[in-house]
*Asks:* 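Submitted below is the structure of interest, expressed as structure tokens.
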Amino acid sequence: MKLFDSHAHYYDERFANEHNGGAEDILSAVFSGDVGWIINVGTNNENAERCVAQALRYKNMYAAVGIHPTDCQEYSDIDSEISRLKDILSKREEKKIIAIGEIGLDYHYDDTDKPKQQAFFERQLVLATELDMPVIIHDRDAHGDVFDTVRSYPGVRGVFHSYSGSAEMAKELVKMGWYISFSGVLTFKNAAKVKEVAEIVQTDRVLIETDCPYLAPHPHRGELNHSGLMHYTLEALAGVHGADAENMAKITAENAAKLFGIGL
């Protein structure tokens with residue numbers, strides 16, 4: 001049984017700060033275990049190269065690059081930053097970049113510049129259309145605006161990572177061709193809404209992820225997360241569907257491979 005971690009951030013400094021041996025030690029261990037593939041996801045133009053360089057060191061690690069909605073607020077010139085992103089993506093094949101992400105909207109903080117986030121989000125959706133690449137969506141406390149935006153770009157395909165929206169929205173997204181990804185949140189005792197979504201989304205549209213180093217699953221909640229803990233999420237997803245964990249691992253890996261154009 002090999003698991004596909006569809007969303008991780010192994011370049012994050014928490015690995016070096018909280019684990020002896022850092023991310024490289026963890027990656028060596030998880031790839032020697034039951035983890036078969038990992039998508040390393042960037043959040044801005046500065047960490048994109050670190051993200052890519054790390055992915056290039058491992059046969060079955062791939063990269064996604066994009067400008068996260070909270071990171072974009074540090075940028076003053078959208079044209080310049082989108083141009084930088086285009087330059088990075090121009091070498092996407094040799095850099096093993098398989099998606100644009102993570103991108104989206106995040107209204108969690110009071111000082112959010114919503115128009116700027118929206119502008120960056122739409123420019124990257126346009127770029128995904130031009131390059132025919134899948135996207136990885138970040139949606140935090142912005143469900144209505146994110147849904148309306150992706151609906152305006154029907155040619156774009158991708159995944160809503162660590163899904164936190166309603167079951168009704170998930171149904172509509174799946175009808176539009178989107179995938180829904182579940183993180184360790186699915187294992188939390190207070191995650192009734194996420195479990196409801198997991199129950200109603202058909203298995204040919206689900207992915208699993210860590211979002212590591214964040215969102216460690218129960219019983220490791222609050223600890224440094226990594227792909228070796230993803231089996232808890234897998235088992236929770238299999239449980240809500242009354243399915244065998246090994247079969248669910250195969251299904252989610254094949255879904256991710258199909259979306260990102262990766263041969264297993």
Side-chain angles (χ1 to χ4, degrees), residues 1-9 34-39 41 99 101-102 104-106 108 134-144 146-147 150-151 157-212 214-223 225-260:
M1 180 175 72
K2 290 292 184 180
L3 311 185
F4 196 128
D5 186 351
S6 64
H7 195 108
H9 306 280
D34 61 3
V35 176
W37 309 268
I38 297 172
I39 306 297
V41 183
E102 61 188 282
L105 300 174
D106 189 322
H108 184 69
V135 298
I136 298 172
I137 300 292
H138 173 100
D139 169 21
R140 189 182 189 192
D141 299 337
H143 308 314
V146 171
F147 180 79
V150 299
R151 188 168 55 180
R157 66 200 186 282
V159 57
F160 274 63
H161 104 88
S162 190
Y163 187 81
S164 61
S166 68
E168 291 74 19
M169 183 171 125
K171 288 179 182 178
E172 292 304 312
L173 288 169
V174 168
K175 288 179 183 178
M176 293 159 55
W178 289 82
Y179 289 80
I180 306 295
S181 182
F182 297 97
S183 66
V185 173
L186 184 62
T187 69
F188 295 175
K189 295 178 180 179
N190 62 346
K193 186 172 77 169
V194 177
K195 291 175 182 175
E196 179 188 358
V197 174
E199 289 173 358
I200 63 96
V201 177
Q202 58 262 41
T203 57
D204 65 347
R205 286 288 157 177
V206 296
L207 306 182
I208 55 173
E209 63 172 271
T210 56
D211 198 21
C212 66
Y214 311 99
L215 301 181
H218 176 80
H220 297 276
R221 188 173 181 178
E223 299 176 16
N225 195 13
H226 58 79
S227 305
L229 299 177
M230 193 168 50
H231 63 91
Y232 291 106
T233 303
L234 173 71
E235 289 160 6
L237 182 60
V240 300
H241 283 280
D244 174 78
E246 185 167 352
N247 189 45
M248 186 60 71
K250 182 175 183 291
I251 289 169
T252 52
E254 289 176 347
N255 290 345
K258 181 178 180 181
L259 172 61
F260 296 120

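Numbering of residues begins at 1 and proceeds along the displayed sequence.
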*Asks:* To the nearest 0.5 angstrom, please state how far the CZ atom of F160 sits from the NE2 atom of H143.
*Replies:* 10.0 Å

*Asks:* Salt bridge (Lys or Arg N to Asp or Glu O under 4.0 Å) with E223: which residues, sequence neighbours excluded?
*Replies:* none

*Asks:* Quick check: does any side chain N or O of S6 sit under 3.5 Å from a backbone N or O of I208, one acting as donor and the other as acceptor?
*Replies:* yes

*Asks:* Check salt bridge (Lys or Arg N to Asp or Glu O under 4.0 Å) between E199 and all other residues, then give those that pass, not counting sequence neighbours.
*Replies:* none

*Asks:* Check salt bridge (Lys or Arg N to Asp or Glu O under 4.0 Å) between R205 and all other residues, then give those that pass, not counting sequence neighbours.
*Replies:* none

*Asks:* Using a strict cut-off of less than 4.0 Å between a Lys/Arg side-chain nitrogen and an Asp/Glu carboxylate oxygen, indicate whether E196 and K193 qualify as a salt bridge.
*Replies:* no

*Asks:* According to side chain to side chain contact (heavy atoms under 4.5 Å, CB included), who are the partners of A253, at least two apart in sequence or on a separate chain?
*Replies:* F4, W37, L264

*Asks:* How close do V185 and A191 get, counting heavy atoms only, and between which atoms?
*Replies:* O-CB, 3.1 Å

*Asks:* Taking atom CD1 of I38 and atom CG of L3, what is their separation to the nearest 0.5 Å?
*Replies:* 10.0 Å

*Asks:* Quick one: does W178's side chain get under 4.5 Å of I137's, heavy atoms only?
*Replies:* yes

*Asks:* Would you kindly say whether N225 and T210 are connected by a side-chain donor-acceptor distance under 3.5 Å?
*Replies:* no

*Asks:* Would you indicate whether the side-chain heavy atoms of V174 and I200 approach each other to under 4.5 Å?
*Replies:* no

*Asks:* Quick test of your reading: applying salt bridge (charged side-chain N to carboxylate O under 4.0 Å, His left out), list the pairs with at least one residue in residues 242-252, sequence neighbours left out, ordered by first then second residue.
*Replies:* K250-E254

*Asks:* Using side-chain heavy atoms (C-beta onward) and a distance below 4.5 Å, is V201 in contact with Y163?
*Replies:* no

*Asks:* For residues F182 and V197, determine if any side-chain heavy atom of one lies less than 4.5 Å from a side-chain heavy atom of the other.
*Replies:* yes

*Asks:* Under the ring pair (Phe, Tyr, Trp, His ring centres under 6.0 Å) test, which residues partner H7, sequence neighbours left out?
*Replies:* H9, H161

